Amino acid sequence: MAPTNDQSQHALPKTYMPSDHERRVWERWDAADAFHADPARVASGKAEPYCILIPPPNVTAPLHLGHGLNNTLQDVLIRAHRLKGFETLWMPGTDHAGIATQTVVDRRLKEAGKPALAEHKRMEAEGQNGREKFVAQVQAWKDEYEARITEQLKAMGCSCDWSRQRFTMDEHCARAVREAFFRLFKDGLIYRGKRLVNWDPVTQTALADDEVENVELDGHFYFLRYPLVHRVEPGDHNPVTWDELAQRGYPGAEEHPGDDEAWIAIATTRPETYLGDTAVAVNPSDPRAKALQGLFCQLPIIGRVVPIVEDEYVVKPVRYGGDENDPKAQTATGFLKVTPAHDPNDWEIGLRHKKAIETGCSAGTAVINVMAPDASISDKHGWEDVGDAHLFVGLSREDARSKVIEVFRAHTLNDNHPLLEEIKPHRHAVGHSYRSHAAVEPYLSDQWYCRVTDDRLRGSAQRAMKTSQRSSPTHPARPDHPADGALTFYPSRYAKTYESWHDNLRDWCISRQLWWGHRIPVWSRSTDDSAARLTPEMRDRLVLWAKKKGERVHITGRDVRTTPQEYLRDHDVDDQFICLLDEPTADDVKLLVDAGFTQDPDVLDTWFSSALWPLSTLGWPHEEPAPTAADQNDLPRLHPKQIDRGDSSEIRSIYVKRVHTWRGFIGEHDQPSGDLIEKLLPLRDRSQNSDLPPVLAYQLYSEKTIREHGDQAQPLLKPDEIQGATDLICAVAIKTDEPVELKDGPLEIEPFLQAHGFTRQPEIEPGLLGAFNPTSVLTTAREIITLWVSRMVMFNRYFLAEARNGPIPFDDVFIHAMIQDGEGRKMSKSLGNGVDPLDIIHSHGADAMRFTLVQMTTQTQDVRMPVETDPQTGKNTSPKFDLGRNLCNKLWNAARFALGMLGTGGAPPSASIEPEDLALVDRWMLARVARATRALDEAIDGYFFKDYADTCYDLLWRDFCDWYLEAIKPTVKDSPAQRAVLRHTLDAILRVLHPITPFVTESIYETLRNVDAPPIEGLELAPPRRGGLLATTGWPVASPDLLDDQAEARFERARSLITAIREIRAQHQVPPKRAIAFHPSAELLESIERDLELIKTLANLETVSPDVPDAPTAAFTFEGVEHRLSNLADAADAGAEKERLAKELADLDKSIKNLEGRLNNPGYVDKAPEKLVNQTRDELAKKRADRETVAAALGRL
RNA sequence: GGGCGCAUAGCUCAGUUGGCUAGAGCGCUGCCGUCACAUGGCAGAGGUCACAGGUUCGAGUCCUGUUGCGCCCACCA
């Protein structure tokens, strides 16, 4: 063998220092493009795709340990599949996280004493571009945090395809958002609605239902009295007396003095909303309802008269027939104040009784909003009959509540009954904004909604779920439609969350009154003011404009679907909406502004762009065919589809792989096309005729041809056609940034194109969508199953639908556990119990962190991680990470030892090695590798991450280090075959561990890959595909022939014997160095003859012979027979021996009793499987024999 | 109010379809400075599987109930 490189062994430090390796390894991966996925390999059938889209982290803050876990798991899947030969794409990116980021930046600006959101809003109102300036601040924040997040992910070793990183507000995503919005809008799935929304009075935006967190609070029930009156004109007072009520048959009326004014009592938790009451409701089956028909209530102070309506929704008090078991019935008065503008239920009641309320309520309307957007009481937002209630105006919600109570307490009816009847404590859930944590106000507001309850969205999401995971085989709403998808949750219990979310779905409020987000691409024109109606001329201009835009603009109104022409002609509608697919040009804007339109100031809910993630990141809506692999060095043919249809004065471009494609429009804007053509034609000719690789290609189309022929359009080729055309679209592909030599000197192509009005926009990669959507698995936290998973399914299916249901964006959804601290609390900034992944990477290394996290990932919903604060650094850490660090160190040292044994650059490989020619321990080791790879395959397929880590751990530590390396120490230097097994086993271990601990394995592989050894028959270890990197090698494939049952059983037997001997050694406190003598029975000696060297090595035996010397010995039982050891110590310790034997005897007695009991049970013998019963009998016989031997030994002492 | 989950060694957790004496890591005890690794080796102690019933030849595992935690959902009378 080659000289053992002792120097190199000693050059390696005894301890694995992650910081010495992680950067170098990362740079090697990066330099080799190791993680770049090529859709062409999928398209050409050379590789199966495997794709994961990162759940884009919010740019609000750096990543926390939960992200660390999630992304580690994804990387494990990605790296394992990359090794398994899949074409693997892990798409990275970040989320703009609208409300969250805007809130954080606002807060930071305030803390820094800089102009914050409020100031910017004022600037905007004053025409000083406040919006733009504020968004720039948020953008700067985003840039900083996106960079930090990227750095964190890279530090963790995440093998994303970093060349394709996306952001939910970048141009690709914006493009997808516009397309999606436009299509939904056109298809009637987005509409404008005025209704109650969850309003956050602090950030002053609407929230979706799922952005509201319910918090249990101690509140009160306030019982208020409303006097009953006859119909009166406002200001009049015509009370109803109890006598009158008694005559009308009102139960209980006689309990009151007959001349007194009668009242009814309502119970509320929010007395301040009484200012907006427009009715009082009673259950029609309440015995009092009939007597009240035709009567009214008069609201104190305000003087508003409101009708009494009958509605089944109202809970009857127990006394009047309510359900005793209903807690509501126990506190209910049977009367419900109806405040449609400030309570969702009341809103519904208001709708049901709209007419009756409008005619009965003295305000003449069913809806009275008494609050400003900051939730203070206001008479400027729909409240007109303020009356004597001015004292409330301007108060906050909380102050208004106290004031109302104060006033009701002070006012009395009949001089002795305060209007405040009672206050009872009441604990109830109150919605709070998940961002500002302010109590959410149900607030009347005009918002955009996505009609997710439509079957095209909700239905398709429900049908997507695999039948076996459903609680009902079909969706209730469409019993005739069975499942048509294979959406599967791991663990399966989360399927229920998904299912029930859809059952209770309501339309999704998608507009947010924020500045940070995708602006809603709708221009609207309110025609409330009749003077502002469209002039016929303006209408004609708009119609013409819309006609020219064709399919790229959609005009409609509130809940009305007509053709644009019809729509604009109709002067009765109150709102007009124009949705544009493309960013409007300056001309468009001018026209729209002239016509009185303004762009909607709102932005879209963050989740709208998140829902498009599987589409936008993969290039949708540009669906372009993948280039074939052979084309890679050529310029692509520029397909007309790549050229925007419609308004072509807009200039667009794309990249195709690393080829930059530019698009421009020639022949408008007084731009002389001649110059461009003159320059371009020779360029193309040069490219086509030269031996040099082509650097530029372009094609010219007439806009008209593209309009008429779409994808079938042919480019213009003849010079005269080109020169004559006035509507040329030019698509240019360039392959270099270098100047190109022309006759008249070098031409810098990009500046040249720019000068001609071309702009370059980010690349769209052909074929990504086709190759990688559907993706393979989504790995995420359970809290966003509803927010995100469902919506991705809906949108993917909707937008990719050829017919009814498009593909599901992923079949598998893995929901990982939540990391809590040692006390089971969520990790959070406010508790100070969070752990920063970078801190762990610094203290323990990325691999250590990853291993620990993977090892913790079981199928439970929470995992706990005891958090400790390092007293020196003040940083949080956890002792759990030592596990991972220790494992890396163990691997490092095992490799150090192995490499020392192997040397480097050894003998060239000869013929392959047949396993049957190998020593027992080698065959055993190979069998362990074979068994482990099988277990690991299963673990990966079923998302059993802990099993994966544990299997690796056992293979490396228990099998390879504890047994194999120890066993081969005396023999490996002289056995080339054993060295081959050592080399390849280590190689296989590196490969299977690589998905969890990529850095240390890659570091070791740098050396190991240069060590040659003959291959072993049945163990396939594919070489690296790129850059000599372990990350690009192949998964170890072990043939079933390596599963050697006999070798394993034989080794196990030797191992039991070794363990038995070691036990005696420990019992007698024999120092490890001391070699002892073993005296087996003659039979045992004969049966272990072959493996004697192995046993001697591992049990540290000096001699083995059946002859027991005349010296102190210790006895032990193996396979029911007594054997002896001698030379244990200079003096025998009879006491310890006795103690040990006594304990062994007791243990044996216990299990004998247990086994006998079982066999004496006739039920067991009759009913249990025969095999099991026989096993029990054998066991009992063995134990009895052992017992006899032990008892005899004990007797002799 | 509805749904889901958890309770196993001092700590953190495994324990697939019920089946030999319930496992791992950390911690603990003993021996070890040994020439891959003390971030290590060998050996060991430690568990009435929350509680009460039930099904079964057999229950940590299945069923019912109880207790204690945790999470999600639900239009706050």
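This structure is a prediction, so every number in the text was calculated from the model and none was measured. Lettering follows sequence order; numbering is per chain, from 1.
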Worksheet entry | Partner nucleotide of A59(B) by Watson-Crick or wobble geometry (both distances under 3.5 Å) | none
Worksheet entry | Atom P, compared across C4(B) and U66(B): separation rounded to whole Å | 15 Å
Fill in: Interatomic distance at C1', U61(B) relative to C76(B), whole Å
43 Å
Practice prompt. Measure from the side chain of Arg1158(A), starting at C-beta and using heavy atoms only, and say which of A43(B), C20(B), G25(B) lies closest.
Written response: C20(B)
Worksheet item: Considering only the P atoms, how many Å lie between C13(B) and A50(B), rounded to the nearest integer?
Response: 15 Å
Worksheet item: In whole angstroms, how far is the P atom of C37(B) from the CG atom of Leu965(A)?
Response: 12 Å
Discussion item. Here's a test of your reading of the structure: between Asp950(A) and Lys1073(A), which maps to the more 5' nucleotide of RNA chain B?
Written reply: Asp950(A)
Worksheet item: What's the CG-P distance between Leu956(A) and A36(B), to the nearest Å?
Response: 16 Å
Item to complete: Might you work through the side chain to side chain donor-acceptor pair (under 3.5 Å) test for Tyr1164(A) and Thr1176(A), ending with a clear yes or no?
Response: CA-CA 11 Å; Tyr1164(A) 178 68; Thr1176(A) 313; 2.9 Å; yes
Discussion item. Below the 4.0 Å mark, does G41(B) have OP1 or OP2 next to a side-chain nitrogen or oxygen of Trp957(A)?
Written reply: yes
Discussion item. So, does Arg1062(A) get its side chain near the phosphate of A43(B), meaning an N or O under 4.0 Å from OP1 or OP2?
Written reply: yes
Practice prompt. Figure out the CG/C1' separation between Asn889(A) and G41(B), and round it to whole Å.
Written response: 14 Å
Worksheet item: OP1 or OP2 of G25(B) sitting under 4.0 Å from any side-chain N/O of Arg958(A)?
Response: yes
Worksheet entry | Nearest to side-chain heavy atoms of Arg864(A), which nucleotide of C31(B), U12(B), C20(B) | U12(B)
Worksheet item: Do the side-chain N or O atoms of Asn1161(A) get closer than 4.0 angstrom to the phosphate oxygens (OP1, OP2) of G58(B)?
Response: no
Discussion item. Under the side-chain contact (heavy atoms from CB on, under 4.5 Å) test against Asp346(A), which residue among Leu196(A), Thr278(A), Val338(A) passes?
Written reply: Val338(A)
Fill in: Rounded distance in Å - NZ (Lys880(A)) to P (G27(B))
13 Å
Worksheet item: Are any of the side-chain nitrogens in Glu1052(A) or Arg1055(A) under 4.0 Å away from the carboxylate oxygens of its partner?
Response: yes
Worksheet item: Regarding Asn283(A) and Tyr320(A), is there a side-chain donor-to-acceptor distance under 3.5 Å anywhere?
Response: no
Worksheet, complete the sentence: When rounded to whole Å, the CZ to C1' distance for the pair Phe489(A) and G5(B) reads 17 Å
Fill in: Residue matched to G5(B) through Watson-Crick or wobble contacts both under 3.5 angstrom
C69(B)
Worksheet, complete the sentence: Between NZ of Lys890(A) and C1' of A38(B) the distance, given in whole Å, is 10 Å
Worksheet item: So what's U48(B) paired with, Watson-Crick or G-U wobble, going by both distances under 3.5 Å?
Response: none
Discussion item. Could you check whether Thr857(A) and His816(A), counting side-chain N and O atoms only, form a donor-acceptor pair closer than 3.5 Å?
Written reply: no
Worksheet entry | Given G44(B), C42(B), G40(B), the nucleotide with the shortest approach to the side chain of Asp962(A) | C42(B)
Worksheet item: What is the pairing partner of C26(B), taking Watson-Crick or G-U wobble pairs with both distances under 3.5 Å in any strand?
Response: G10(B)
Response to the item:
Of the candidates G19(B), G70(B), C31(B), the side chain of Pro1169(A) sits closest to G19(B)
Response to the item:
Out of C76(B), U34(B), G25(B), minimum distance to the side chain of Tyr953(A) belongs to G25(B)
Response to the item:
Any strand, both distances under 3.5 Å, Watson-Crick or G-U wobble: A38(B) pairs with none
Worksheet item: Of all the nucleotides listed (G30(B), G41(B), A36(B)), which has the minimum atom distance to the side chain of Asn893(A)?
Response: A36(B)
Discussion item. Measuring only the C1' atom in each nucleotide, how far is U29(B) from G70(B)? A whole number of Å is fine.
Written reply: 36 Å
Fill in: Polar pair under 3.5 Å, donor/acceptor by atom type, side chain Gln1069(A), base A43(B)
no
Discussion item. Quick check with a 6.0 Å cut-off and a 45 degree axis cone: is Lys890(A) positioned over the face of Tyr953(A)'s six-membered ring?
Written reply: no
Worksheet entry | Among G19(B), U39(B), A36(B), the nucleotide that comes nearest once only the side chain of Leu1172(A) is considered | G19(B)
Worksheet, complete the sentence: Against the side chain of Lys946(A), the closest entry in C71(B), C13(B), C32(B) is C13(B)
Worksheet entry | Of the listed nucleotides G25(B), C13(B), C76(B), the one nearest the side chain of Thr858(A) | C13(B)
Fill in: Pair assignment for C20(B), Watson-Crick or G-U wobble, requiring both distances under 3.5 Å
none
Practice prompt. Flag the pair Phe408(A) / Tyr274(A) as yes when their ring centroid distance falls below 6.0 Å, and as no otherwise.
Written response: yes
Worksheet item: Nearest to the side chain of Cys961(A) - A36(B), C4(B), U39(B)?
Response: A36(B)
Worksheet item: Going by atom types only, do Arg896(A) and Asn893(A) share a side-chain donor-acceptor pair under 3.5 Å?
Response: yes
Practice prompt. Name the residue closer to the 5' end of RNA chain B, choosing between Ala1066(A) and Lys969(A) according to the nucleotide with the nearest heavy atom.
Written response: Lys969(A)
Discussion item. Taking G54(B) as the reference, what is the distance to G40(B) when you measure between their P atoms (whole Å, please)?
Written reply: 49 Å
Worksheet entry | A59(B) versus G27(B) - spacing of their P atoms, nearest Å | 36 Å
Practice prompt. For nucleotides G1(B) and U17(B), find the distance between their C1' atoms and express it as a whole number of Å.
Written response: 36 Å
Item to complete: Would you indicate, yes or no, if A14(B) has its OP1 or OP2 atom less than 4.0 angstrom from a side-chain nitrogen or oxygen of Thr860(A)?
Response: yes
Item to complete: Starting from P on U39(B), measure out to CZ on Phe897(A) and report it in whole angstrom.
Response: 20 Å
